[in-house]
Amino acid sequence: MRYSRAFIPTLRETPSEAQAISHQLMLRAGLIRPLAAGVYSFLPLGWRVMQKVMRVIREEMDAIGGQEFHFPALNPVEIWQQTGRVDTMGDVLFHIKNREGLLLAPTHEEVVAFHARQHIKSYKDLPQIWYQIQPKFRNEPRPRFGVLRGRQFTMKDSYSLDATWEGLDISYEKHAHAYRRIFQRCGLRFFVVGASSGAMGGSLSQEFMVESPAGEDTCAVCSQCDYAANAEVARSAVDPTPRMPDSQPLERFPTPGVRSIDDLVHRFALPEERCAKALLYIADGRPVMVLLRGNDELNEVKLQAVLGAISLRPASPEELRNYTGASAGSIGPVDLPTPMLIVADERLRDANELVSGANSDGYHYRHIDLQRDCRIDLYADVRTVQMGEPCPECKAPLRIVRAIEVGHIFKLGTKYSEALGAMFLDEHGRECPIIMGSYGIGVERIIAAFIEQNHDERGICWIPTIAPFHVHLVALALERDEAVRQTADTLYEQLGQAGIEVLYDDRNESAGVKFNDADLLGLPLQLIVGPRTVGSGLVEVKERRSDRRHYVAPEQVVETVQRLLAQLSEAGCEIAS
RNA sequence: CGGGGCGUAGCGCAGCCUGGCAUAGCGCGCCUGGUUUGGGACCAGGAGGUCGUGGGUUCAAAUCCCACCGCCCCGACCA
């Protein structure tokens, strides 16, 4: 491609709306342009990257026996009602206004189950892996960070259909393997975490995460072993609260003005680990008290999972007063005026000699014994893991990092097949629901995550696998130096014939402009042809990432470029693994 | 949805507080001509704007007021 004919609108300045580095660079390098909030056009350069990434995905999906489909984005509302997701997904679903009964699909479990119901009749038809790469529509309340969270985005979604749970395990493992290869080949440094299945339902799910400050997920990652988990499910080996040999008699004492555990600790010289913080939540309309140690933080996702609640929110100040008779800071598990479920964090299991609110403003109890003085309905891990806490596997300190979710794999089970009646006959002639898994990759997120991890102050640093072109041919002063023009034209021709994708900067621009654009676009190799080098019978090959430069005769360029691209491709895999 | 901010040329911004000085400026980019050319050149000339939209106040509105729309940020939410 000749740059002079190409539509590559680079920006010298960073657009003010862009916060994340990847967003800034995708705009500046002319990969994308915004069209509306959370909606982006891919320009030719960006679309080339998309296609390269999709090619990798197709190759790996095909390698595990996946068959590519193309499902419509327009879906009948009916099938979504049958699985209940019109309600559970709520506002996230885009509904069509001027045509009753259609919506824009945010994912395709329903459609897959629908077609499976039509044609999968026997265990002999199974297993199947169906996939597609297609736009998805989600009415995100707040799109963010460019293509990292958009209202329309491209997803590779695949669905496994199996006759047995063992079969599901195999399909799931195949996907885990394919995903590892995909992200590796795309040059991502990633880790895999156990995750919450959320409203998708199902038994097991794992997320493929790329560590980045632009990430919207928080993960606990072990600094030594390979333990990693989404904060929604992460554990740590923190000390439990030891039970004292004797429980002193329960004692109510005045604590005027105390609003927090810190107040208690400082004004009454109490050890933090003996303070029990009580929180009041409303789960599906009913009050639940949560007891945590000291300044431990509640993890609402964990609590919701433990309770199996559809909705969960903190109680309002009025509710707090109505249910406990006190305001925040003075509530506790002892002497609750309203009977309610009490959930205590595992860390407080059977503890005694605790201090907690007395459900009366300005008063607390001390010497609380959870076995003697109140009824704990449930002990569960509901706390948020903090930076530096010991790993549950190896006790090394955990790091808490932000991460971008680039892939998510779910063992769904029979939720969707049962709802839509996708049944088959097993070898005993029994009718059984198809066992499903679903597996997603955010294609744009791969690109954004890659840029987050592979850039410097000058621009992007692509690897050959997903670079929009392989080589940036920079010809300097070609308008007035015929030797340069001829050398560059010839090299462009030869490289093209060798199957190497070249972006040929044949513009009549100054050297500085060309170099800066080349570094911004970040193609893996730059081939610099200028009067200086051509005069001495050489051309310069520059590796973008390392800035390493090689000077070779024009006849050796094709071979040199091929060798360096191969090296860089391998290096890309090493970076990733 | 709650809180905050912004909307002036393709991009980045100033002007608004305290209305008139105004034919709405500046830098970058763009067009023409010339000089330049190994890290974002220089000179000269030029094009480009319903100041987000609608309403109101006023002799007079980019500027003050109201409503709406759009965008960004923090939070809530996020299969």
Side-chain angles (χ1 to χ4, degrees), chain A residues 9-20 23-24 27-28 30 33-39 80 83-93 105-110 136-146 148-151 153 155 157 159 195-202 205 207 215-218 230 232 300-301 304 311-314 405 407-410 412 415-416 438-440 442 457-459 474-481 484 505 507-520 526 528-536 538-540 542 547 549 551:
Chain A
T10 57
L11 300 176
R12 194 172 286 204
E13 290 169 276
T14 302
S16 59
E17 80 260 19
Q19 207 64 23
H23 189 194
Q24 294 173 356
L27 289 167
R28 287 191 57 212
R33 283 295 178 268
L35 183 62
V39 182
W80 287 81
T83 57
R85 287 214 287 184
V86 172
D87 296 324
T88 54
M89 296 197 72
D91 248 3
V92 173
L93 280 179
T107 169
H108 281 81
E109 282 79 11
E110 279 78 0
K136 294 284 183 280
F137 299 86
R138 294 182 190 181
N139 185 19
E140 296 289 350
R142 183 146 98 83
R144 239 193 287 223
F145 300 143
L148 277 173
R149 175 168 297 276
R151 294 208 167 112
F153 59 98
M155 186 186 221
D157 45 324
Y159 306 88
S196 159
S197 297
M200 282 293 281
S205 94
E207 292 168 323
E216 295 187 87
D217 288 85
T218 305
N230 196 301
E232 295 169 353
E300 294 188 9
V301 179
Q304 188 162 7
S311 78
L312 182 74
R313 62 174 174 85
E405 177 192 343
H408 201 160
I409 56 179
F410 295 87
L412 288 180
K415 171 177 170 177
Y416 296 90
S438 90
Y439 316 88
E457 64 291 339
R458 310 190 65 85
V474 181
L476 302 174
L478 79 176
E479 294 284 328
R480 67 184 158 87
D481 190 321
V484 167
D505 193 343
R507 296 174 300 171
N508 185 22
E509 289 285 354
S510 70
V513 170
K514 293 190 173 194
F515 286 140
N516 279 298
D517 274 339
D519 288 343
L520 175 61
Q526 292 172 15
I528 301 162
V529 180
R532 206 184 272 176
T533 43
V534 165
S536 52
L538 295 172
V539 295
E540 177 179 344
K542 171 185 152 182
D547 205 35
R549 287 157 200 265
Y551 296 89

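Throughout, a chain's letter reflects where its sequence line sits, starting with A, and its residues are numbered from 1. In this text, all values refer to a predicted model and were calculated from it rather than measured experimentally.
Of the candidates G75(B), G38(B), U37(B), the closest approach to any side-chain atom of R480(A) belongs to U37(B).
Using a 4.0 Å heavy-atom cutoff across all strands shown, R28(A) reaches at least one base atom of the nucleic acid. At the heavy-atom level, P141(A) lies under 4.0 Å from base atoms of the strands shown. Looking at heavy-atom distances under 4.0 Å, R507(A) makes no contact with the nucleic acid at all. Using a 4.0 Å heavy-atom cutoff across all strands shown, K136(A) reaches no nucleic acid atom at all. Contact annotation for R149(A): base contact, defined as any heavy-atom pair under 4.0 Å involving a base atom. Within the nucleic acid shown, D91(A) has no heavy atom closer than 4.0 Å to any nucleic acid atom. At a threshold of 4.0 angstrom between heavy atoms, the contacts of Y551(A) with the nucleic acid are absent. Using a 4.0 Å heavy-atom criterion, one finds that D481(A) contacts no nucleic acid atom at all. As judged by a 4.0 angstrom heavy-atom cut-off over every strand, A36(A) is placed among residues touching the sugar-phosphate backbone only.
The pair R85(A)-E109(A) counts as a salt bridge, with a side-chain nitrogen and a carboxylate oxygen less than 4.0 angstrom apart.
Under 4.0 angstrom from either OP1 or OP2 of A41(B) there lies at least one side-chain N or O belonging to S510(A). Put simply, R12(A) has a side-chain N or O that comes within less than 4.0 Å of OP1 or OP2 on G29(B).
For the pair F145(A) CZ and C73(B) C1', the computed distance is 9 Å after rounding to whole Å. Per the geometry, CG belonging to L35(A) stands 14 Å off P belonging to G70(B), to the nearest Å. Straight-line distance from the CZ atom of R151(A) to the P atom of C71(B): 7 Å, rounded to whole Å. In this structure, the CD atom of Q19(A) is 14 Å from the C1' atom of G4(B), given to the nearest Å. Atoms NE2 (H23(A)) and P (C71(B)) sit 13 Å apart, rounded to a whole Å. Computed from coordinates, the R532(A) CZ to G38(B) P distance equals 7 Å when rounded to whole Å. With rounding to whole Å, R33(A) atom CZ is found 16 Å from C71(B) atom C1'. Between the CD atom of E509(A) and the P atom of C30(B) there is a distance of 7 Å, given to the nearest Å.
Remark: G12(B) base-pairs with C26(B); criterion is Watson-Crick or G-U wobble with both hydrogen-bond distances under 3.5 Å. As the counterpart of A67(B), U53(B) is assigned, both hydrogen-bonding distances of the Watson-Crick or G-U wobble pattern falling under 3.5 Å. When Watson-Crick and G-U wobble pairs are counted only if both distances are under 3.5 Å, G19(B) pairs with no nucleotide at all. The base-pairing partner of A76(B), taking Watson-Crick or G-U wobble contacts with both distances under 3.5 Å, does not exist among the strands shown. Shown here, A44(B) forms a base pair with U32(B); the pair counts as Watson-Crick or G-U wobble because both key distances fall under 3.5 Å.
Separating the P atom of U50(B) from that of A24(B) is a span of 13 Å, rounded to the nearest Å. Taking atom P on both nucleotides, C64(B) is separated from U8(B) by 16 Å, rounded to a whole Å.
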Begin with the C-alpha distance, continue with both residues' side-chain angles, and end with the deciding distance and a verdict on salt bridge (charged side-chain N to carboxylate O under 4.0 Å, His left out) for R12(A) and D517(A). CA-CA 9 Å; R12(A) 194 172 286 204; D517(A) 274 339; over 6 Å; no
Might you work through the side chain to side chain contact (heavy atoms under 4.5 Å, CB included) test for V534(A) and V529(A), ending with a clear yes or no? CA-CA 7 Å; V534(A) 165; V529(A) 180; 3.4 Å; yes
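Position along RNA chain B of the nearest nucleotide to K542(A) versus M155(A) favours K542(A) as the more 5'-ward residue. Residue T10(A) is the one, among T10(A) and L312(A), whose nearest nucleotide of RNA chain B lies closer to the 5' end (criterion: closest heavy atom).
Below the 3.5 angstrom threshold, one finds a donor paired with an acceptor across the side chain of E540(A) and the base of G38(B). Residue side chain R142(A) does not reach the base of C73(B) through any donor-acceptor N/O pair under 3.5 Å, judged by distance alone.
Using modelled atom types, one finds no donor on one side chain facing an acceptor on the other under 3.5 Å when comparing E405(A) with N230(A). When only modelled atom types and interatomic distance are considered, T83(A) and E110(A) share a side-chain donor-acceptor pair under 3.5 Å.
The main-chain N or O of R507(A) is found under 3.5 Å from a side-chain atom of K514(A) such that the two form a donor-acceptor pair. Between the side chain of R458(A) and the main chain of L520(A), no donor-acceptor pair closer than 3.5 Å is present.
By the salt bridge (Lys or Arg N to Asp or Glu O under 4.0 Å) test, E140(A) pairs with R149(A), sequence neighbours left out. Contacts of E540(A) classified as side chain to side chain donor-acceptor pair (under 3.5 Å), with partners at least two apart in sequence or in another chain: R549(A).
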Sugar-phosphate or base contact per nucleotide [nucleotides 8-15 of chain B; S, B, -; heavy atom under 4.0 Å]: ---BSS--
